[in-house]
> 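Structure provided below as structure tokens; questions to follow.
Protein chains get the first letters and strands the later ones, always in sequence-line order, with residue 1 at the start of each.
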2 protein chains.
Amino acid sequence: MPGRQSAERLAAEADAGPTWLRSSVAPKLHLTAKSCRAFFEERLAEAGATFAAWTVLAALKLEGPMIQRALAQYLSIEGPTLSRHLESMERRGLVVRRRTDLDRRAATVEIAPDGEEMYNRISSVAISSQQDMLKGLSDREIAQLSTLLDRILENVGPR
Amino acid sequence: MPGRQSAERLAAEADAGPTWLRSSVAPKLHLTAKSCRAFFEERLAEAGATFAAWTVLAALKLEGPMIQRALAQYLSIEGPTLSRHLESMERRGLVVRRRTDLDRRAATVEIAPDGEEMYNRISSVAISSQQDMLKGLSDREIAQLSTLLDRILENVGPR
DNA sequence: GCTAGATAGATAGCAAGCTACCTATCTATG
DNA sequence: CATAGATAGGTAGCTTGCTATCTATCTAGC
């Protein structure tokens, strides 16, 4: 019964008081994600980029031009957060926002030449950072991790 | 060979372009942690508490009074961040900062009566939130997850 | 015993996430 | 066709993380 709820563990934990902070997965997940983010940001900063710029460029490279709403959903951030990022990225010439007559509310975001250049420059940094982060983990372990995270994500809901 | 580096996968990924964003563990880890944090914050908010207050109270309950520096390290946040939290928590009467003559620089943080009250009120919320988050995961799977996160944390370094 | 460097905490200011709300536009319906 | 509601994006302002820097104090070495 692999998916059963573990009554013993949960009861023991409730008895033991605030073991939450020390030994539980929740804070560890939190800390690991925070450290990984910092790790990526540091590496990208050395290459003159930001985390936000990287995710935007990678998304556009992978999916092609998108309107902001779709891009925000894709990146799991809210509209205003993306707006701010795009504002600075457009100022730096990394992307362009193009408004069409088809729907004059929407703005299609595309990679600009300088964005292409930056993408080419930093994609290897992102890839190697990921490799370093997962160093020593086998394919099987990475797949396990991925599955476990999916199941947790399911539990807490796509917010 | 459980700990080997997977040359095939990494090469395939580098070839395939920015699969990073879509299928890799890094963004999933990021999103899962973000969602879990939001999940906890929402539950705690319903009980009139904040995530920061919960972690501070739980740490003090578990470890006893601590000076701010130790508390910040324990919570993996920086001094100024903790200072701000303690400022509002002290205003709300949840904690007290006591300066001793032994080291007049340091401030020992203790739980105040209202903090005790809040802790008792929300600890069950935190425990049940954690249960919900891990619903369907066996002890073995939770232990696996914990180990994998530890190994990643090791790779990206305690920053 | 004095002074240089280390340490605890506070303050200021930046970044990036969020919600609430505004405007402009589109769509669907009477 | 007019208009009510939905939708795209922007603006304002909050929160919580951070770094840099300041003050006060402690400690070690001369």
Side-chain angles (χ1 to χ4, degrees), chain A residues 27 30-42 44-45 49-56 65-92 95-110 158-159, chain B residues 27 30-42 44-45 49-56 65-92 95-110 158-159:
Chain A
H30 191 233
L31 177 60
T32 306
K34 186 169 103 169
S35 300
C36 287
R37 164 88 185 236
F39 182 72
F40 271 85
E41 254 166 2
E42 205 169 289
L44 288 168
T50 64
F51 184 81
W54 162 246
T55 57
V56 167
M66 274 191 271
I67 68 166
Q68 291 186 202
R69 182 90 191 82
L71 185 52
Q73 278 185 334
Y74 190 88
L75 297 175
S76 302
I77 60 177
E78 296 305 314
T81 303
L82 178 61
S83 272
R84 201 197 309 117
H85 290 325
L86 290 180
E87 210 277 319
S88 80
M89 289 180 73
E90 194 166 40
R91 251 193 296 104
R92 291 178 60 188
V95 294
V96 265
R97 280 183 279 195
R98 204 180 303 283
R99 321 212 58 131
T100 75
D101 273 341
L102 211 109
D103 183 344
R104 279 175 303 170
R105 296 168 302 178
T108 304
V109 187
E110 295 172 30
R159 316 205 71 68
Chain B
H30 191 236
L31 177 59
T32 306
K34 186 169 101 168
S35 301
C36 287
R37 164 89 184 234
F39 182 72
F40 271 84
E41 255 165 2
E42 206 170 289
L44 288 169
T50 64
F51 184 81
W54 161 247
T55 58
V56 167
M66 274 191 272
I67 68 167
Q68 292 186 202
R69 182 89 192 78
L71 185 52
Q73 279 185 333
Y74 190 87
L75 298 174
S76 301
I77 60 178
E78 296 303 315
T81 304
L82 178 61
S83 272
R84 201 194 311 117
H85 290 323
L86 291 180
E87 209 278 318
S88 80
M89 289 181 73
E90 194 165 41
R91 251 192 296 106
R92 290 178 60 189
V95 295
V96 265
R97 280 182 280 195
R98 203 180 305 281
R99 317 203 73 123
T100 75
D101 271 342
L102 211 109
D103 183 344
R104 281 176 302 172
R105 295 168 303 176
T108 304
V109 187
E110 293 173 31
R159 317 205 68 66

> Does the protein touch nucleotides 14-22 of chain C at the base, only the backbone, or not at all? Give it as B, S and - per nucleotide, heavy atoms under 4.0 Å.
--BBBBB--
> Can you check the A:Glu90 CD to D:dG9 P distance for me, whole Å?
13 Å
> The criterion is side chain to side chain contact (heavy atoms under 4.5 Å, CB included); which residues satisfy it with A:Ala45, sequence neighbours excluded?
none
> Treating B:Arg97 as the side-chain partner and B:Thr108 as the backbone partner, does any N or O pair qualify as donor plus acceptor under 3.5 Å?
no
> A:Leu71 CG to D:dG10 C1': how many Å, rounded?
16 Å
> Without decimals, in angstroms, what is the distance between A:Gln73 CD and D:dG9 C1'?
14 Å
> Distance check needed: D:dT7 P versus A:Gln68 CD, whole Å only.
17 Å
> Taking all atoms of both residues into account, what is the closest heavy-atom pair of A:Ala72 and A:Leu82, and its distance?
N-CD2, 3.6 Å
> Would you say A:Val95 and A:His85 make side-chain contact, with heavy atoms under 4.5 Å?
no
> Considering the terminal five base pairs at each end of the helix from C:dG1-D:dC30 to C:dG30-D:dC1, what angle separates the two local helix axes, rounded to 10°?
0°
> Using the test side chain to side chain donor-acceptor pair (under 3.5 Å), find all partners of A:Gln73 that sit at least two apart in sequence or belong to another chain.
none
> How many Å lie between CD1 on A:Ile67 and C1' on C:dA24, as a whole number?
15 Å
> My understanding is that only residues two or more places apart in sequence, or in another chain, count here; which of them pass side chain to side chain contact (heavy atoms under 4.5 Å, CB included) with B:Ser88?
B:Arg91
> B:Arg92: what forms a side chain to side chain donor-acceptor pair (under 3.5 Å) with it, not counting sequence neighbours?
none
> Please report whether the ring centroid of A:Phe51 lies less than 6.0 Å from that of B:His30.
yes
> Output the rounded distance in Å from CZ (B:Arg99) to P (D:dC26).
11 Å
> Which residues in residues 100-108 of chain A have at least one heavy atom lying under 4.0 Å from any atom of DNA chain D?
A:Arg105, A:Ala106, A:Ala107
> Could you tell me the separation between the OH atom of B:Tyr74 and the C1' atom of C:dA8, rounded to a whole number of Å?
21 Å
> Would you mind reading off the distance between A:Leu86 atom CG and D:dG10 atom P, rounded to a whole angstrom?
8 Å
> By side chain to side chain contact (heavy atoms under 4.5 Å, CB included), which residues pair with B:Arg104, not counting sequence neighbours?
B:Asp101
> Please name all residues satisfying salt bridge (charged side-chain N to carboxylate O under 4.0 Å, His left out) with B:Arg69, sequence neighbours left out, ordered by chain then number.
none
> Of all residues at least two apart in sequence or in a different chain, which pass the salt bridge (charged side-chain N to carboxylate O under 4.0 Å, His left out) check with B:Arg98?
B:Glu110
